[in-house]
Enquirer: 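Mind having a look at this structure? Questions to follow.
Order of the sequence lines fixes the chain letters, A, B, ..., with proteins taken first and strands second; residue numbering starts at 1 for each chain.
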2 protein chains.
Amino acid sequence: MLAFSGHDLCTIDANGRIKLSPRVISDFIEKCGDEVVLHCLPEGALALYPEDIYLEMRRRETDPAGRAGQSVVFRREMRRFGALSQSERISKQGRITIPTGFRKLLNLDPGTDVCVVGVEIGVEIWQIDKWREEIERINQHQREKGEREMAEDLMPEKN
Amino acid sequence: MLAFSGHDLCTIDANGRIKLSPRVISDFIEKCGDEVVLHCLPEGALALYPEDIYLEMRRRETDPAGRAGQSVVFRREMRRFGALSQSERISKQGRITIPTGFRKLLNLDPGTDVCVVGVEIGVEIWQIDKWREEIERINQHQREKGEREMAEDLMPEKN
DNA sequence: GTTGATATTGGAAAATAATGGATTATAATG
DNA sequence: CATTATAATCCATTATTTTCCAATATCAAC
């Protein structure tokens, strides 16, 4: 059975929380219990990963202190992951609270309609309109690829 | 005996479910029991595959977490397969529920007439009008290919 | 510190949607 | 035409989501 798959709509409640679907909850429980890492993506969505996945994502960085003294690019990299990531706990009722700092940054204020999107290694929370744009972009790209493939198939030298 | 072949018409019931034909059901039971993977295609149809077929299609990348932290292209790839795929179970009455997120995306709302199409490795569910267009597109492409083949055959250097 | 205002947390109740089964209708078969 | 098989509809049950409320914590001004 596929983990972290599919997508569901829901609304951020008056207190900035999201009720995750049972499917998503059990995927997390299985992988990492109730503790997850929240990470703001540059695309403008909020990613939820099991901690080990997040740490794998970050493990490339060797000698962070030494490199931080030398490189602004590296310092920015550490800021990006430091400031924009945070551990949170899934509550007994299956809700997760979005930290206030992240809310404004991502336009995920109370009352916002969002889509919880499976991405195989975790889930992402998208403001609904942004998600529609994103999925359209993805599909459009695939369709264009398909058109080219069909045109290619008509070329005599290919057959 | 051919598996996943032919095509049948049916209607999506009031609760967003499809009753599969006995032929399709027994093809799945034989291949994978009652658990199948649903996947939204960019053409606008919903594919049903046995899980092993899906996983083959989605040959797993190495180090997904590391790459996800670095590349937006890679994250999009995971979104495409994560968000647009989901495991489901064929019920004892031979019905399959289309997840709500997929319904809207593919225009497969309750009451819609659909065509369940065998595609050799699984089946696809098409909104009936889109299916007619698709089959016409396929035939048109093949006719054009035939024309080119005939023209090619007239070229002196080919003979 | 103390008080008042504001925000956060946890839980319960109400509203909504999904599920499974049985029944009825329709189509296929002999 | 009768019988069987299949598909569609309906309904009760269960699950899930949303809304609401009380309790607790946090912050700011006095």
Enquirer: Is it the case that more than 12 heavy atoms not belonging to B:Glu35 sit under 6.0 Å from its CD atom?
Expert: yes
Enquirer: Reckon B:Leu20 touches a base, only the sugar-phosphate, or nothing at all at heavy-atom distances under 4.0 Å?
Expert: sugar-phosphate
Enquirer: Could A:Glu144 and A:Arg148 be called an ion pair, given the rule that one side-chain N must be under 4.0 Å from one carboxylate O?
Expert: yes
Enquirer: C:dA17 P sits how many Å from B:Asp109 CG, rounded?
Expert: 13 Å
Enquirer: In whole angstroms, how far is the C1' atom of D:dT19 from the CZ atom of A:Arg17?
Expert: 11 Å
Enquirer: Specify the separation, in whole Å, of atom CD1 of A:Ile25 and atom P of D:dA15.
Expert: 15 Å
Enquirer: Regarding D:dT9, can its base be found pairing with the side chain of B:Arg95 as donor and acceptor, where the two atoms are less than 3.5 Å apart?
Expert: yes
Enquirer: Decide side chain to side chain donor-acceptor pair (under 3.5 Å) for B:Arg143 and B:Gln140; before the verdict, give the C-alpha distance in whole Å, the side-chain angles of both, and the deciding distance to 0.1 Å.
Expert: CA-CA 5 Å; B:Arg143 281 192 295 267; B:Gln140 183 57 41; 3.0 Å; yes
Enquirer: Nearest to the A:Pro22 side chain among D:dT9, C:dT8, D:dT16, which nucleotide is it?
Expert: D:dT16
Enquirer: Output the rounded distance in Å from CZ (A:Arg23) to P (C:dT19).
Expert: 11 Å
Enquirer: Counting distance alone, no hydrogens or angles: does the base of C:dG21 have a donor or acceptor under 3.5 Å from a partner atom on the side chain of B:Gln93?
Expert: yes
Enquirer: For A:Phe81 and A:His39, take the angle between the two ring planes, folded into 0 to 90°, and tell me which bin it lands in: parallel under 30, tilted 30 to 60, perpendicular over 60.
Expert: parallel
Enquirer: In whole Å, I'd like the distance from the CZ atom of A:Arg89 to the P atom of C:dT9.
Expert: 13 Å
Enquirer: For DNA chain C, whose closest nucleotide is more 5', that of B:Arg103 or that of B:Lys92?
Expert: B:Arg103
Enquirer: Between D:dT18 atom C1' and A:Lys19 atom NZ, what is the distance in whole Å?
Expert: 10 Å
Enquirer: Looking only at the side chain of B:Asp13 (C-beta and beyond, no hydrogens), which of the listed nucleotides C:dT19, C:dA18, D:dT9 gets closest?
Expert: D:dT9
Enquirer: If you apply the rule side chain to side chain contact (heavy atoms under 4.5 Å, CB included), what do you find for B:Arg79 with A:Ile135, and how did you get there?
Expert: CA-CA 9 Å; B:Arg79 261 170 225 146; A:Ile135 198 78; over 6 Å; no
Enquirer: In whole Å, what is the span from the CD atom of B:Glu88 to the P atom of C:dG20?
Expert: 10 Å
Enquirer: Could you tell me the separation between the NZ atom of B:Lys104 and the P atom of C:dA17, rounded to a whole number of Å?
Expert: 9 Å
Enquirer: So, is B:Thr97 near the phosphate of C:dT19, with a side-chain N or O under 4.0 Å from OP1 or OP2?
Expert: yes
